[in-house]
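Worksheet: the structure to be examined is printed underneath.
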Amino acid sequence: MGETVSPMTPSFNGSVRVQLSGHATSSDAGALVLREALDRSGVMAALDHHLVDSRNPLRIRHSLASQLRTVVLQRAMGWIDLSDTATLRHDPLWHLVCSDARGLTPLDEARPSQATLSRLLNCLGTDANIDTVHEGLLRLAIWRWRSLPWIQRPRHVTLDIDGLPIEVFGHQSGSAYHGHVGSRIYSPLIASLAETGDLVGGLLREGNAGPAEEADTWIPHLVQRLAEGLNLAIDQVLVRLDAGFTDNATLEAMDAREIDYLGRLKSNSVLQTQAEPYLKRPRGRRPETSREWCHDLDYQAGSWTSPRRVVLVVQENPDDLLLHSFFLVTNLSKLDYPAEKVLALYRKRGKAEAHMGELKSALNVHLSSTDRGASTVQQVMARNQVSLLLSLYAYELLHGLRCLLERQTRQGWSLMRVREQVLKVAATLTVHARRVTVHLGAAADKWWPTLLRGLPQLAPLE
């Protein structure tokens, strides 16, 4: 199964011998649990049914489902590059978890090469398949939602929209230098559910795209599909935006579809003039601690066809001579959502930033599709769009196991902790009587019994 080399004797203990013996061992036993979770979600079966495979059936060695499974599981386990499949070519456990076949057949199969997986991105990035890949990510979020106990499913959900600059190296088609970031980037949009931590959408955009570019079409479509998948009404989904996304086109698109939204509004001279009467300290001695107060305003920007509700937030800090202020725009009713409640809702945006921080740290998202031959900018962007979505698939799998462990252990878990303490476990495989037995290392004793008891809670999605 691997190369045999001369043993090494460490200097600290002459009784120890270190040797690559070629036994059927693996350091990624957690991939078995990830495969089980992925199968329970039903996403691979759905993708395999709807994806268009233009290859010659007589020359197919690896199905689209097995290739997709390979990329998603490897990324979830920390093997980020497509070339890592060659690094794992002798690992018997990876042969088992990525294959469509049953029995002992996977142990004798070759793993897909980097070139094969690169062609997979080309195939998934075509017009016939890209929408299906988007739907697969949403299906994972729906599966996660339905795996929750009924009493834990929120009746209202908040969809956070934010940008996630992804640095690229070299002159990748579609990337551009961004002065604020200080490097060449792509500028994708990421959508997350604040209540559950799921990432439900990702839209790759060129590096020079404006903050809200394409948001006016993407957000309403995503809200509609999310509401349908979670069996919620449109008014049970609230969209929360940062200042860069509260442009007129995006707000009008959501108003037209009666989608509730809340976002920060960039300040300007007209707003400051309208807010000036409220920028006064209350009478009395200045407090020793910070305080703030809110006021409702009706404001109509020059590009708006009608006034919108704007909440002015005024902040006073003991050490500052001047008051600080900012503005929120929303279509939530004043009766149900007074100004203070609107501010409290907006301040929960930090959850979305935490989710995307985990995405970058645990999945190390990078996009590096180069210009192959006569590839156009659109083809390169399509491949990178698929790569981004598959990283979000991997996040959803890890997040599902993380939430399961939190319910079982009543402890907080990060994605990195799940991977390093639970999934990165040594295993030895033995074959006898056409059965494969996986013997786990001692590190599995702490968390695997808890994990295996809770695994049936990840209900299959029909």
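Numbering starts at 1 and runs along the sequence shown.
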Kindly say whether [Y] contributes a backbone atom to a donor-acceptor pair with the side chain of [X] at under 3.5 angstrom?
X    : Y    : value
E258 : D235 : no
R257 : P220 : no
R205 : G210 : yes
N331 : Y261 : yes
E353 : G350 : no
S361 : E358 : yes
Q236 : A233 : yes
S26  : A29  : no
K424 : M77  : yes
D198 : V200 : no

(request) Go through the structure and list residues passing ring-ring contact (aromatic ring centres under 6.0 Å, His included) with W447, not counting sequence neighbours. (result)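 Partners of W447 by the ring-ring contact (aromatic ring centres under 6.0 Å, His included) criterion, ordered by chain and then number, come out as W413.
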(request) Would you give the length of the straight line joining atom OG of S391 to atom CD1 of I166, rounded to the nearest 0.5 angstrom? (result)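 Result: 8.0 Å between the selected atoms.
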(message) With rounding to the nearest 0.5 angstrom, report the CG to CG distance, L189 to L388.
(response)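 Atom-to-atom, L189:CG and L388:CG are 10.0 Å apart.
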Side-chain H-bond candidate by donor/acceptor type, [X] with [Y], under 3.5 Å:
X    : Y    : answer
S99  : E109 : yes
R435 : H432 : no
H366 : D81  : yes

(request) Evaluate side chain to side chain contact (heavy atoms under 4.5 Å, CB included) for H156 paired with L238, printing each intermediate quantity in order. (result) CA-CA 8 Å; H156 293 78; L238 170 68; over 6 Å; no
(message) Apply side chain to side chain contact (heavy atoms under 4.5 Å, CB included) to residues L345 and L332 and explain how you reach the verdict.
(response) CA-CA 11 Å; L345 277 174; L332 297 171; 4.3 Å; yes
Atom [atom1] of [X]: over 12 foreign heavy atoms under 6.0 Å:
X    : atom1 : answer
D127 : CG    : no
Q411 : CD    : yes
H221 : NE2   : no

With a 4.5 Å cut-off on side-chain heavy atoms, are [Y] and [X] touching?
X    : Y    : result
R69  : D100 : yes
D28  : V97  : no
V431 : V436 : yes

(request) Work out which heavy atom in R407 is nearest to a heavy atom in S147; give both atom names and the distance. (result)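 What the structure gives for the nearest pair is NH2-O, 4.2 Å.
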(message) For a quick test of reading the model, state the closest non-hydrogen atom pair linking A444 to V425 and the distance between them.
(response)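 Looking at all heavy atoms of both residues, the closest pair is CB-CG1, 3.7 Å.
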(message) Assess the residue pair V380 and N384 against the criterion (side chain to side chain contact (heavy atoms under 4.5 Å, CB included)); give the C-alpha distance rounded to whole Å, side-chain angles, the decisive distance to 0.1 Å, and a yes or no.
(response) CA-CA 6 Å; V380 173; N384 278 326; 3.9 Å; yes
Pair [X] + [Y]: basic N to acidic O under 4.0 Å:
X    : Y    : value
E135 : R139 : no
R111 : D91  : no
K348 : D160 : no

(message) Ring of F326, cation from R264 - is the NZ or CZ under 6.0 Å from the centre and inside 45° of the axis?
(response)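 Checked: cation-pi criterion met.
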(request) Please say which of L389, V386, L367 ends up in a side-chain contact (heavy atoms from CB on, under 4.5 Å) with L204. (result)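 Of all the options given, the one that passes is L367.
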(message) Tell me which one of V223, L241, D260 satisfies side-chain contact (heavy atoms from CB on, under 4.5 Å) with M254.
(response)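 Option passing the side-chain contact (heavy atoms from CB on, under 4.5 Å) with M254: L241.
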(request) Would you mind telling me which of R240, R349, K351 makes a salt bridge (Lys or Arg N to Asp or Glu O under 4.0 Å) with D162? (result)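 Testing D162 for a salt bridge (Lys or Arg N to Asp or Glu O under 4.0 Å) against R240, R349, K351 leaves exactly one candidate, R349.
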(message) What verdict does the side chain to side chain contact (heavy atoms under 4.5 Å, CB included) test give for Q74 and W94, after you've listed the backbone C-alpha separation in whole Å, the side-chain angles of each residue and the deciding distance to 0.1 Å?
(response) CA-CA 9 Å; Q74 285 185 181; W94 280 105; 3.7 Å; yes
